[in-house]
Amino acid sequence: MAQKFLFTIFMCLLASLVFSNSYGQFLKKEKVYTLEKNEYVAHEENSLGLYQNELGYVVVTADIKDFSRSYHIKGKKYGPFNRRELSKPVFNYANWGFIDSKDETSYVIYKGKELGIHETPYYPVGLKIKGDSWAYVLINQAEGTTEVVINGKKHGPYTTLLNYHLNDNGKRWAITYSNKPNEHYILFDDGRTVGPYKEVIDFQFLEPNRWILTAEPKDSPTKILSNGKKVKQIIVETSNGLVGTYEKRLLTNSNYDCDNLIARGANYGLNVIKDQKIFYLANDELYGPHEELVQQVDMGKRYNRFNFVVGKDRRFYIKGEKGFSNNVEMFAVSDSRKNVAIVKRGRSGADSLVLNDKYFKGTFDKVAYVKFAAKSEEWCVLSKGKDGYYLHFSNREKQGPYNIDDSRGVPQILLGKDSKHWAMTYQDAQSKQLKLLVDGQERKEKFIGSVAITSEGDKEYFSWFSLEGKTIFLNKLMLQ
């Protein structure tokens with residue numbers, strides 16, 4: 001009987017340490033690492049610190065005594081390292097890696113393995129990971145040349161390396177380089193090369209197997225306009241060939257930048273200038289002319305799914321065709337693209353929210369943004385009233401006010417599958433303390449880093465780091 005009683009006490013203690021019932025939800029606390037005497041979380045050192053997504057987490061700690069840092073990934077410690085200038089660790093849904101150094105020796109770590117060990121004068125930088133592919137740049141500091149290492153194979157050396165690209169699944173790559181002034185080329189994974197160009201402005205991969213670039217041609221003549229003024233030209237080219245030739249500058253608007261390409265999924269779009277008139281080029285089609293530059297572009301992943309706002313009357317366009325609304329201050333489109341939420345700024349100071357230009361959802365004080373949940377048609381609005389910020393949900397629930405310090409912008413809300421579960425971090429304007437709200441409740445742990453949605457099988461969690469004493473914990477709140 002006594003043994004049964006002790007076993008019951010033990011199980012209760014274990015449950016309180018690992019899971020706690022918070023408002024009907026389970027909180028799982030995972031110990032990441034206990035800081036040693038001279039260690040701290042490196043969240044202010046070279047923008048390092050805490051990272052997480054569906055893969056898991058990366059925690060970087062620093063030792064202030066020997067000026068070193070270590071990486072904590074999936075329960076294992078890597079380090080110490082002491083490179084002075086470095087980049088953030090990289091990880092996607094399946095793989096992870098980082099580049100760092102111990103004195104004169106640099107290491108490229110990928111999924112816990114040493115992919116590259118380089119001694120001075122060789123200096124690796126810029127690790128990229130897409131799918132199961134990886135790439136980084138290897139600088140020869142003695143020769144002043146660079147190579148690109150892709151999946152273990154070196155390409156180059158190049159006198160000038162502009163950029164290198166992996167497509168989303170990592171199966172294709174491209175390198176933009178130059179070995180002579182004003183001669184830029186792009187080398188592809190199949191050995192094919194395009195160019196030369198005087199300047200490559202931008203290059204992007206498109207799904208499923210395409211690419212797009214903007215460039216200044218090597219021998220393109222300067223265009224003489226009808227008023228006698230001269231302007232340089234650029235081209236837009238895709239894997240299917242030349243799309244068109246356009247002017248590099250808009251003489252009536254010095255703010256125009258020809259480097260404004262947006263690419264997502266199978267779609268691309270950019271403002272272009274033709275005969276000094278503004279057009280929007282999207283998926284090889286010209287829309288316009290417009291009296292002003294197109295703004296607030298939203299690109300879907302599926303082909304020809306895009307929206308934008310343009311003009312003095314702020315007209316909303318769907319797929320390049322004139323839409324059903326004007327006076328659009330901002331908008332958001334659901335992931336399914338079945339619904340669009342439009343915010344219109346009223347003269348009285350109150351903003352209106354309209355769904356699909358049919359369903360009036362109410363007026364709010366100054367709206368900061370509207371956002372849809374990732375896997376539903378439910379939405380949330382953040383607005384600023386006289387006494388602070390408020391959250392308004394599609395189920396008519398209202399939360400707030402919150403005394404948010406917005407000097408560096410407003411915080412973004414993180415929504416679960418629907419608006420039932422949400423999380424937000426912000427700095428209190430008065431106390432300057434960092435606060436974490438989860439489903440309307442303020443967490444009392446010493447919160448550090450950011451909050452994310454993570455997955456384990458078919459379960460989803462809000463997860464965040466906390467520092468309790470000298471121990472870093474990863475907290476996971478199951479979304480039921």
Side-chain angles (χ1 to χ4, degrees), residues 41 43-53 88 255 295-298 309 314 327-334 340-355 361-374 378-416 419-453 462-467 475 477:
V41 179
H43 60 277
E44 293 181 353
E45 181 199 8
N46 297 313
S47 299
L48 287 177
L50 306 151
Y51 312 91
Q52 57 176 326
N53 64 13
K88 298 177 182 180
N255 292 324
Q295 302 174 22
Q296 295 189 49
V297 179
D298 178 89
V309 174
R314 305 185 68 82
N327 188 30
V328 176
E329 183 67 23
M330 65 188 75
F331 70 92
V333 184
S334 65
V340 56
I342 293 176
V343 176
K344 299 188 178 187
R345 188 133 291 169
R347 294 180 180 177
S348 62
D351 296 338
S352 301
L353 178 67
V354 183
L355 201 66
K361 296 298 179 179
T363 58
F364 309 92
D365 293 326
K366 190 176 182 181
V367 172
Y369 60 76
V370 57
K371 184 175 183 178
F372 280 96
E378 297 182 17
W379 48 264
C380 174
V381 165
L382 178 68
S383 70
K384 185 178 184 179
K386 294 180 180 179
D387 55 346
Y389 281 88
Y390 288 88
L391 290 167
H392 312 265
F393 296 89
S394 50
N395 63 1
R396 298 184 180 277
E397 181 183 351
K398 181 179 178 181
Q399 297 275 355
Y402 303 115
N403 190 23
I404 296 173
D405 181 352
D406 56 9
S407 59
R408 296 185 180 180
V410 295
Q412 293 293 316
I413 188 172
L414 187 65
L415 297 171
S419 61
K420 177 182 177 183
H421 297 297
W422 60 274
M424 185 175 70
T425 65
Y426 70 93
Q427 185 177 47
D428 187 273
Q430 186 172 0
S431 68
K432 302 302 179 183
Q433 290 183 340
L434 191 62
K435 295 192 175 185
L436 168 63
L437 300 173
V438 179
D439 290 349
Q441 303 295 327
E442 182 180 346
R443 302 301 308 184
K444 300 302 181 183
E445 304 94 344
K446 186 179 179 182
F447 164 74
I448 54 176
S450 60
V451 63
I453 293 181
F462 280 141
S463 61
W464 65 91
F465 295 101
S466 62
L467 183 61
N475 304 268
L477 189 69

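Here the structure is a predicted model, which means the values were calculated and not measured.
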Indicate yes or no for a side-chain donor-acceptor contact from N403 to the backbone of D428 under 3.5 Å, with no hydrogens or angles considered. no
Applying side chain to side chain contact (heavy atoms under 4.5 Å, CB included), can you list everything that pairs with K444, at least two apart in sequence or on another chain? E442
Looking at S463, is its backbone amide N or carbonyl O close enough to the side chain of N475 to form a donor-acceptor pair, meaning the two atoms are under 3.5 Å apart? no
Would you confirm whether Q427, through its side chain, and K432, through its main-chain N or O, come within 3.5 Å as a donor-acceptor pair? yes
Return the orientation label for the Y402 and Y426 ring planes: parallel under 30°, perpendicular over 60°, tilted otherwise. tilted
Under 3.5 Å, is there a donor-acceptor pair between the side chain of E378 and the main chain of A373? no
Flag the pair K386 and D365 as a salt bridge only when some basic side-chain nitrogen lies within less than 4.0 angstrom of an acidic carboxylate oxygen. no
Check whether Q296 reaches the backbone of E329 with its side chain - one donor and one acceptor, N or O, closer than 3.5 Å. yes
Any donor-acceptor pair under 3.5 Å from R345 side chain to M330 backbone: no
Under the 3.5 angstrom rule, does the side chain of R314 hit a backbone N or O of V328 as a donor-acceptor pair? yes
Q433 atom CD: more than 12 heavy-atom contacts under 6.0 Å: no
Straight-line distance of F462 CZ to L414 CG, nearest 0.5 Å: 5.0 Å
Between S394 and W379 (side chain of the first, backbone of the second, donor and acceptor by atom type, cut-off under 3.5 Å), is there such a pair? yes
